[in-house]
Peer 1: 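Just dropping this structure here.
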Amino acid sequence: MFKDLILNKIESAVTKAVQAGQLPEMEDYQKLLRCEIPKNAEYGDFAVNVSPLAKFARKAPVQIAQIITDNMDFSDADVNVVAGFINFKLTNKVLNSVVEEVLMKKDMYGSNESGKLQKIILEYISANPTGPLHIGHGRWAAMGSALANLLKFSSYDVYQEFYINDAGNQINNLAKSLWIRVLQQMGKPADFPADEELSKNYYTGDYLIETAQNYLKENSEKAEDFAKSCQDVLNPSDEIMKEMAVYAKAQMLKKQQDLLANFRVHFDNYFSELYLHQNGYVDACVKKLEDAGKLYEKDGAVWFRSSDYGDTQDRVIKKNDGTNTYLTADIAYHYDKLKRGFDKLINIWGADHHGYVARVKASIEALGDDPDKLEVLLGQLVNLVENGEQVRMGKRTRMLTLEDLIEEVGVDATRFWMIMRNIDTTLDFDIDLAKSSNDENPVYYAQYAHARSSSILRNACAPRVDVENNSTLSAFFEKEELENLEKTADLNNLWNDSDKDAVSATRELILKIENFKDVVLVASKLRAPYMLCRYLLELAASFHHFYNCARVLNVEKEVMKARLSLVISTKQVLKTALGLIGVSAPETM
RNA sequence: GUGCCCAUAGCUCAGUCGGAUAGAGCGACAGUCUCCGAAGCUGUAGGCCGGCGGUUCAAAUCCGCCUGGGCACACCA
């Protein structure tokens, strides 16, 4: 990366200056220096502000900048000093090397090794298998999968997991609800309680009707027997409950999984909460906390001393009816993750769960591990906007599921919009905009750049029509010729154009391509896939600008070869970046 | 009431460890297709970075207080 290269040059220049007595010894001064891209391109391609050194060097920033520059030997850039800034403008030769690098590394261009050896388990969505995924889940789904791609690209060893909350009361409610739907489908008198309080314990949405139909298709005889034996419709026997629970859970999970696959989200594992209970993991974990002296009894319940570890208060781990709380299973789950040998536990949680972070971290520490291994990304929620107004997800208005949304706006647009914003700002998802295939929709802007680059490459190899003579001309290039451009193209031809705009657009585009490496690195470090979206829009803009300033085809042959090399590089980076966020890179649109 | 997050152009948002004149997109206005895809490009207008203090050579950025919004404060999951 050029940024690193420049900082290295500065460091050796400083060393030289210190030896020459022009600058005093400065401890850890490197930390103060940052290589950045100037907002104003007139200053150059990169800049380093040396003002922070003024205090230690006891000199004015301009002087320091001048001393460093005088001691610098840097043939790859024009260097100049403005105030406390050292500005760098790279030579064309170095810019050529960027294009060469992309052509050589192809799919791997932009990847880095910063995450080497770190084993990460990334947990996200983790919905109850009690109904369809909603739009909020969609944000975690898109972000989580994009983050996984991104981290892998930075050489992290990423394992993606979905925690199924398939134990507890909600499942009983699901089973009861399915039973009512099954009876209804059999034509028997059955309905949810009319009382509003009581009906809260049922899933009254239509989606269980289909599940009931499927159940009857496969189990009609069994259902008849159940129906005969059932005395109280609202309180079926344990046998019926178990049957309904197992069936409903499996169906709901299957539906969720199918939808996620369609949404380009792939988990390495679906981890069942029930499994934790059934294998005694939860009890074992409670025992371990007890042995560590971190539990006590009060009011008939068992409490965990989470406040010993920074939580605002202690938490109940066993209710006075003897059953575990949700937290208990969660503690066991995270303990299990650690036992599986992961270095980092990254969770994506909705902001409404932020209160849980402290207690789960507390449990990790109480169980003798490092709480900093747990990294929770708290995501703000999604507001749906339609016709310029917020669609409340409440009971009265229509229920829009993730499936509905994807059907309405498509996978690409949904994913892009879900990832586009920083995770800690509330996302306004404007359905009308996301659906629109016009210039208001950023997804198409990025994809269009890819389609356009593809189109140029197609045209380069296609026979041409001579309108004046109504005859056919041969193509500019054979396919093989294009594939071997990195060997035959002389990239110096990028810079021969007397048109200043063409040259500066070329510079801008190449620098943007080079910037990709830095974006991947920073976005990985900050766990911020939204940066990829912003980058894509910037890269697309640079490409469109280049396209309008510099003709690629039907110019002098050597110029064509050089510019086609750049088009191929751009197309590659667009494709890689789109791939990381799970959005398709179309050849045509 | 307490804790977490947020407040930047008419709207939606960037601004990575404090640094040069605060940036995009949309919307508005004005240009631009006998030429590789006009889903594009070029230009103009638009800002007391919610308010007040503080730290600093330097604050949208850090600290304190205030205002306005979101979320959470269960022996629910």
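Below, read A as the first sequence line, B as the second, and so on, with proteins coming before strands; counting in each chain starts at 1. All figures in this text were calculated on a predicted structure; none of them were measured in a lab.
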Peer 1: Does the distance from a Lys or Arg side-chain N to an Asp or Glu carboxylate O, for A/Arg507 and A/Asp45, drop under 4.0 Å?
Peer 2: yes

Peer 1: Which base, if any, makes a Watson-Crick or G-U wobble pair with B/G37, both distances under 3.5 Å?
Peer 2: none

Peer 1: Could you tell me which nucleotide pairs with B/C73 by Watson-Crick or G-U wobble geometry, both distances under 3.5 Å, or answer none if nothing does?
Peer 2: B/G1

Peer 1: Answer yes or no for this row: A/Tyr43 ring on B/A20 base, centroids under 5.5 Å, planes under 30°.
Peer 2: yes

Peer 1: Assign A/Gln30 to base, sugar-phosphate, or nothing according to its heavy-atom contacts below 4.0 angstrom with the strands shown.
Peer 2: nothing

Peer 1: A/Arg452 side chain: which of B/A77, B/G40, B/C4 is closest?
Peer 2: B/G40

Peer 1: Can you tell me the pairing partner of B/A7 across any strand shown, Watson-Crick or G-U wobble, with both distances under 3.5 angstrom?
Peer 2: B/U67

Peer 1: Does the cation-pi check pass for A/Arg452 over A/Phe546, that is, NZ or CZ under 6.0 Å from the six-membered ring centre and within 45° of its axis?
Peer 2: no

Peer 1: Looking across every strand, which nucleic acid part, if any, lies under 4.0 Å from A/Thr588 by heavy atom: base, sugar-phosphate, or nothing?
Peer 2: base

Peer 1: Just name whichever nucleotide pairs with B/A60, Watson-Crick or G-U, keeping both distances under 3.5 Å, else none.
Peer 2: none

Peer 1: Within residues 544-552 of chain A, find the residues that approach RNA chain B with a heavy atom at under 4.0 Å, and present them sorted by residue number.
Peer 2: A/His544, A/His545, A/Tyr547, A/Asn548, A/Ala550, A/Arg551, A/Val552

Peer 1: Go ahead and name the base partner of B/A45; Watson-Crick or wobble counts if both distances stay under 3.5 Å, otherwise write none.
Peer 2: none

Peer 1: State which of B/C6, B/G37, B/C71 makes the closest approach to the side chain of A/Asp424.
Peer 2: B/C6

Peer 1: Side chains of A/Asn165 and A/Gln170 only: does a donor on one sit below 3.5 Å from an acceptor on the other?
Peer 2: no

Peer 1: At a cut-off of 3.5 Å, list every protein nitrogen or oxygen paired with a nitrogen or oxygen from nucleotides 11-16 of chain B, distance to 0.1 Å.
Peer 2:
unit_1	atom_1	unit_2	atom_2	d
B/U12	O2'	A/Arg421	NH2	2.8
B/C13	OP1	A/Thr426	O	3.2
B/C13	O2'	A/Arg421	NH1	3.0
B/C13	O2'	A/Arg534	NH1	3.4
B/A14	OP1	A/Asn422	N	3.2
B/A14	O4'	A/Arg534	NH1	3.3
B/A14	O4'	A/Arg534	NH2	3.4
B/A14	O2'	A/Arg534	NE	2.7
B/G15	OP1	A/Tyr530	OH	2.4

